[in-house]
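One structure is given here, and the rest of the page talks about it.
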Amino acid sequence: MTHTLRVYLYGKFRSLAPVSDATAESYVDLEVTGPEDIRGVIRRLGIPEEEVSHIFLNGQYSAATRKVKAGDRLGIFPKDMALLYRQYFPVEED
Amino acid sequence: MKLLRVCMKHRSVGFVDIPEKYRLLGGRALTSSIICDEVDPKCHPLGPNNKLVFAPGLVTGTVAPSSGRLSVGGKSPLTGTIKESNAGGIPAQMLARLGIKAIIVEDQPDDDEMYILKIDASGAELLPAGDLAGKGMYEFNSLVRDRYGKGTGIIAIGPAGEMKLLNAGISCNDMENGPGRYAGRGGLGAVMGSKGLKAIIVIEDEKRRVPIANKELFDKGRKKLTDALTSHDVTSNALTNYGTAVLINIMNEAGGLPTRNFSAGRFEGAAKISGEAINETTGKRGGVGKTGHPCHPGCVIRCSNVWAKPDGSYHVAPIEYESDWALGANCGIDDLDVIAELNYICNDTGLDTIEAGCTLAVAMEAGLAEFGDGQKAIELLREVGKGTPLGRILGNGTEFTAKAFGVTRCPTVKGQSMPAYEPRAVKGIGVTYATTTMGADHTAGYTIAPEILKVGGDVDPATTEKAELARAFQATTVFIDTAGYCLFIAFAILDIPEGFEGMVETVNGVLGTNWTTDDVTRLGLEWLKREREFNEAAGFTKADDRLPEFMRYEELPPHNTVWDVPDEILDAVHDYEVEDKAERAG
Ligand code: SF4
């Protein structure tokens, strides 16, 4: 049983991962102990929420209020990498 | 402003005044209107009755930001539908400043000769292409520069167009004289080849200006639009810093990056071919490589790049998202230098990169190469320029190749391959692919997301607003293509109302019109309707507005979803009464 959540970091957020390489995958595994939402994870990583643009939870374009659980894949992009027509990506909420 | 008519049968050229009905049109609305008025929808696209129309946008050639687009229109030999494909580069602005609102190329020569249309301030003439015929685009552009001078505008076809292959595009040269700005989609290069026209060469030997009816209004609008573009995150940051390929990581994270011929939605090699990787490698290699580069003078977004070889010398420009994906992830290739070489071959031979990448992926599926085998992919693509039987199969695109080799996983709509967004993961874009007038196309504008419409024309009143937003988005796209702006301004103007107003004001400034933002939707829809009518007359029905069958039964990892949008919903997209019904219900 995995107890961790894997967070894929992009752009300038990569520096928070053990491997920070623009040509490779940069991620951190975070322990999930209790109920937590994406916002909590972002805070735990020390990222100011206003610097975040696109958030994907298990490949779904997501609001920061969604709950995470162990085994999830979370992807976080900084503001300077925002490039999606919001019309095509309705935000998933819980 | 004038129309230039070119008859390839009699090799005559003539300038005519703009008919009143075309006075307020430019770009896509103009190319499509001329095609609708003058071309029999049932004609053979490569026969004498098709026409090829080139038109700069309404504000192209002015100092309005990011507005140097050239629309090319005709009946597409790839899709059989009406087609508008547009490109950046330098020739559009030059044509507009020379006072040319459109060039209409008609009929075809009785012989097999290739010709060049030369345009300058004193007029236009057709010249035999001579030794320039048959040349690849890189050599062609450098020979033209040697003969006609630096800064000459070039609109041309490579060997693929001369061979009338269905995946032939039309090249516009960029600021470094590279051929990489393509009106690529839909095989319009083959139409140009069928008319015996190798190139249009534009020489601006006298500085003129595009007439502006209301300079004050134009300047006001230009400023508002520039402010929007330079303040919006997408148009001032992502596109400038990373180029469009920033989408590789984003779509991969979304599970919607088509991989190995649309058999998966995530590519394990995505990071290696991402916008971040392009940016980082370009910085490390130095030399002539650059990012944040404009494709024509006056673009403030600057999404383009120049990719350098490991030694810093020129390789190709630009590597943009769709090409990077098509020739990379979709072929299982994770090496940017291989992708750059494939892109170079496309630019040189005169092929659309999206269609070429999808074709290679189908060929790989057929066993002509292993997925991921870059060297074999390069060999296969080189066959096209050689004109071998295999090369001709591949040069005719994805669907043709799939038929030749019995491949059923063929990601096309109306004969044109899909771009870099998986419809099973991003359902809204699937609706767009299915219902545009152009075949599978991502630039045609958002239509209506499936969650908005319910089956049976039953509409939830709460969704009316969304449906209107969707319709407005699509109409706005057509308007942007007509004005001559780069489609990427849409990000900023859809979010920043002053930017939208600014765009409309620049157009009003040029034309002396009083269009409002509401008129943008009205006009956009009107123009779109004409395109649909052409397709209907060409024999297209709702049954053609469908995605390929395999997407209905093959689950796409990682979401493991199929394409399950009901046909009734696709049919409702162009049912313009839907909103009325919803309004009544509300
Ligand atoms: S945003 Fe990119 S494609 Fe559009 S005009 Fe500028 S450089 Fe060209």
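The chains referred to below are lettered A, B, ... by the order of the sequence lines, with proteins before strands, and numbering in each begins at 1.
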task: Between chain A and each of B/Ala254, B/Pro558, B/Gly255, count heavy-atom pairs under 4.5 Å; write down the option with the most.
output: B/Ala254
- prompt: So what's closer than 4.5 Å to chain A heavy atoms on B/Leu239: side chain, backbone, both or neither?
  reply: side chain
field: Largest heavy-atom contact set with chain A, pairs under 4.5 Å, which of B/Thr281, B/Ile273, B/Ile250
entry: B/Ile250
- prompt: Which distance, rounded to the nearest 0.5 Å, do you find between the CE of B/Met251 and the CG of A/Leu84?
  reply: 7.0 Å
statement: Contact list (residues 23-35 of chain A to chain B, heavy-atom gap under 4.5 Å, by number) returns A/Thr23, A/Ala24, A/Glu25
field: A/Tyr61 versus chain B, the contacting section by heavy-atom distance below 4.5 Å
entry: neither
query: Do you know which two heavy atoms are closest between B/His559 and A/Asn58, and how far apart they sit?
result: CE1-O, 3.3 Å
statement: Tightest non-hydrogen contact, residues A/Ala82 and B/Val234, listed as O-CG2, 3.0 Å
query: Considering residues at least two apart in sequence or located in another chain, which fulfil the side-chain contact (heavy atoms from CB on, under 4.5 Å) criterion with B/Lys284?
result: B/Glu280
statement: Here the pair of heavy atoms bringing A/Phe77 nearest to B/Asn249 is CZ-O, 3.5 Å
- prompt: Has the side chain of B/Glu253 got a donor or acceptor atom that lies under 3.5 Å from a matching backbone atom of A/Phe56?
  reply: no
statement: Value for OG1 (B/Thr235) from CG (A/Leu83), rounded to nearest 0.5 Å, stands at 10.0 Å
query: Atom CG of B/Asn241 and atom CG of A/Asp80: how far apart are they, to the nearest 0.5 Å?
result: 5.5 Å
field: Taking every non-hydrogen atom, the tightest pair across A/Ala22 and B/Ser274
entry: O-OG, 3.7 Å
task: Answer with side chain, backbone, both or neither: which region of A/Leu57 has an atom nearer than 4.5 Å to a non-hydrogen atom of chain B?
output: neither
statement: For B/Glu276 and A/Gly11 the tightest heavy-atom approach is OE1-N, 3.0 Å
Structural part of B/Tyr242 lying under 4.5 Å from a heavy atom of chain A: side chain
- prompt: Once you round to the nearest 0.5 Å, how far does CG of B/Asn252 lie from OH of A/Tyr10?
  reply: 6.0 Å
